[in-house]
Amino acid sequence: MKLTSPFNHFLKFLQIKDESLLSYIGKIEFPNPIGLAAGLDKNYKTSINYLNFGFGFAVTGTILTNQNFGNPKPRLLRYLNNKSIVNSLGFPSEGLNTIKNKFSNLEIEKNRIFASISGLNIDDIYRCFNELSPLVVGIELNISSPNTQGLKNFHNLKNLQKLLKIFNNKKTKPLIVKLPPSLEQENDLIEMVKCVQDSGSEGVVISNSHPIKDSKLNIGFGGLSGKPVYEHTLKMVSKIRKIVDNNFTIIGSGGVSTTSDVWKLIASGANAVQIYSGVVYEGPFIAYKINKELKNIFLSNKISSVKELFCSESPFPSKY
Ligand SMILES: Cc1cc2nc3c(=O)[nH]c(=O)nc-3n(C[C@H](O)[C@H](O)[C@H](O)COP(=O)(O)O)c2cc1C
């Protein structure tokens with residue numbers, strides 16, 4: 001992706017500009033609902049290139065205060081049979097200062113880049129939040145990586161409440177919280193979502209990768225992403241939309257790789273989606289392909305826009 005920069009001008013056709021695709025995260029408008037999920041560009045090397053390839057927005061990170069090398073290898077596995085990925089990267093990051101400099105140095109508008117931030121204590125996360133907020137369109141707070149044990153502290157509602165109160169009192173940009181899938185206790189996820197909504201945050205990402213044991217990983221456990229997690233994403237987005245206000249943002253993340261996946265999530269109440277594994281398995285044109293199909297299906301089914309599809313429960317047209 002880095003090598004594509006000289007060709008930006010020629011890639012304009014990949015950015016489908018059509019009113020029907022306009023999407024909103026909080027009150028901010030994006031050209032389409034397809035986002036690049038956190039993790040593919042941890043250190044702000046390619047996010048802009050993904051936007052040039054037709055993504056509506058991109059999440060850079062997860063960024064930590066200090067440089068971090070992550071967990072020992074092997075830490076990344078591909079299972080081609082079911083188009084999944086298992087990882088135990090554990091937040092390799094160039095660290096806040098380096099990434100902040102990159103954000104500040106580049107004379108490129110960052111009005112479609114979110115910074116994903118994390119850390120094990122409130123002070124560290126707050127530093128990232130405070131220093132990165134002016135440079136990006138919004139902050140995605142990651143409390144859900146399955147490979148970093150200490151993050152579970154923030155799954156406790158009192159700790160989460162305390163953290164979000166501090167951030168929401170000081171924020172100048174939308175704050176989106178990326179939650180764990182809470183596979184065993186769906187209700188835990190529902191309670192976390194309510195806590196995020198009550199705190200005044202703009203929305204949630206549902207969800208991070210699913211905790212899984214895998215003896216091929218050096219540390220023996222990690223997170224599962226890709227096709228096998230899609231049904232859970234859809235089920236939880238649908239449940240959560242029924243308990244939150246319609247102006248609270250839900251971003252669906254987990255197993256999204258086709259136009260039908262995106263359609264069903266939006267019809268069930270997602271405002272937008274984020275894709276990681278789909279980029280790995282389907283390639284970098286995935287956002288262009290989905291946006292083009294969405295636009296055409298809207299046209300032939302007399303649906304005016306993403307806004308009209310949102311929460312409509314409209315089935316994906318069978319001939320596609
Ligand atoms: C190798 C890898 C690294 C990831 N790193 C991060 C990360 O740094 N921060 C984060 O919030 N999510 C991270 N994720 C999770 C993805 O952003 C995404 O939520 C998850 O993979 C589910 O989406 P998918 O099925 O489209 O991959 C990572 C996922 C993978 C596969």
Side-chain angles (χ1 to χ4, degrees), residues 33-47 50 55 57-64 68-71 73-80 82-96 99 114-119 125 128 138-148 151 154 175-183 204-212 214 217 219 221-234 236-237 250-258 261-262 265 270 272-284 286-287 290:
I34 316 295
L36 181 78
L40 252 175
D41 181 21
K42 288 180 184 282
N43 297 304
Y44 199 53
K45 292 179 177 166
T46 53
S47 294
Y50 280 103
F55 282 84
F57 62 98
V59 184
T60 300
T62 295
I63 302 161
L64 302 184
N68 182 41
F69 296 102
N71 290 321
K73 294 176 182 177
R75 58 186 188 177
L76 185 57
L77 311 168
R78 282 191 199 188
Y79 288 105
L80 303 180
N82 63 359
K83 294 192 172 177
S84 70
I85 298 178
V86 174
N87 93 87
S88 60
L89 294 187
F91 291 154
S93 171
E94 290 179 0
L96 174 62
I99 298 170
F114 286 81
S116 163
I117 60 169
S118 196
I125 311 176
C128 289
I139 295 287
E140 184 176 292
L141 174 64
N142 176 8
I143 57 154
S144 48
S145 162
N147 314 311
T148 309
L151 278 186
F154 297 115
L175 177 64
I176 307 289
V177 185
K178 187 164 179 180
L179 294 173
S182 296
L183 299 174
V204 286
V205 180
I206 304 296
S207 65
N208 215 315
S209 47
H210 293 198
I212 190 172
D214 194 316
L217 296 168
I219 62 168
F221 63 91
L224 171 70
S225 304
K227 277 234 177 262
V229 306
Y230 178 75
E231 284 311 316
H232 181 80
T233 312
L234 183 61
M236 293 318 293
V237 165
I250 302 176
I251 300 177
S253 162
V256 177
S257 71
T258 64
D261 293 341
V262 175
L265 276 168
V273 303
Q274 290 176 359
I275 305 181
Y276 185 128
S277 305
V279 180
V280 174
Y281 284 108
E282 312 302 327
I286 186 169
I290 293 176

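Keep in mind that what you see is a predicted model, and the values were worked out from it rather than measured. In each ligand, atom 1 is the first atom listed, and ligand 1 is the first ligand listed. In this chain, residues are counted from 1 in sequence order.
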Are [X] and [Y] close enough that some pair of their side-chain heavy atoms sits under 4.5 Å apart?
X      : Y      : result
Ser93  : Ile99  : yes
Asp261 : Thr258 : yes
Tyr44  : Ile63  : no

Single hit among Leu234, Ile251, Ile250 for side-chain contact (heavy atoms from CB on, under 4.5 Å) with Ile206 |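 For Ile206, the side-chain contact (heavy atoms from CB on, under 4.5 Å) check succeeds only for Ile250.
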Distance-only donor-acceptor check, side chains Asn142 and Thr62, under 3.5 Å =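 Yes, side-chain donor-acceptor contact under 3.5 Å.
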Without hydrogens or angle criteria, can the side chains of Asn87 and Tyr276 be said to hold a donor-acceptor pair below 3.5 Å?
-> no
Mind checking what residues have non-hydrogen atoms under 4.0 angstrom from ligand 1?
->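 The 4.0 Å shell around ligand 1 contains Ala37, Ala38, Gly39, Lys42, Gly61, Thr62, Leu76, Ile85, Asn87, Leu89, Asn142, Lys178, Ser207, Asn208, Ser225, Gly226, Ser253, Gly254, Gly255, Ile275, Tyr276, Ser277.
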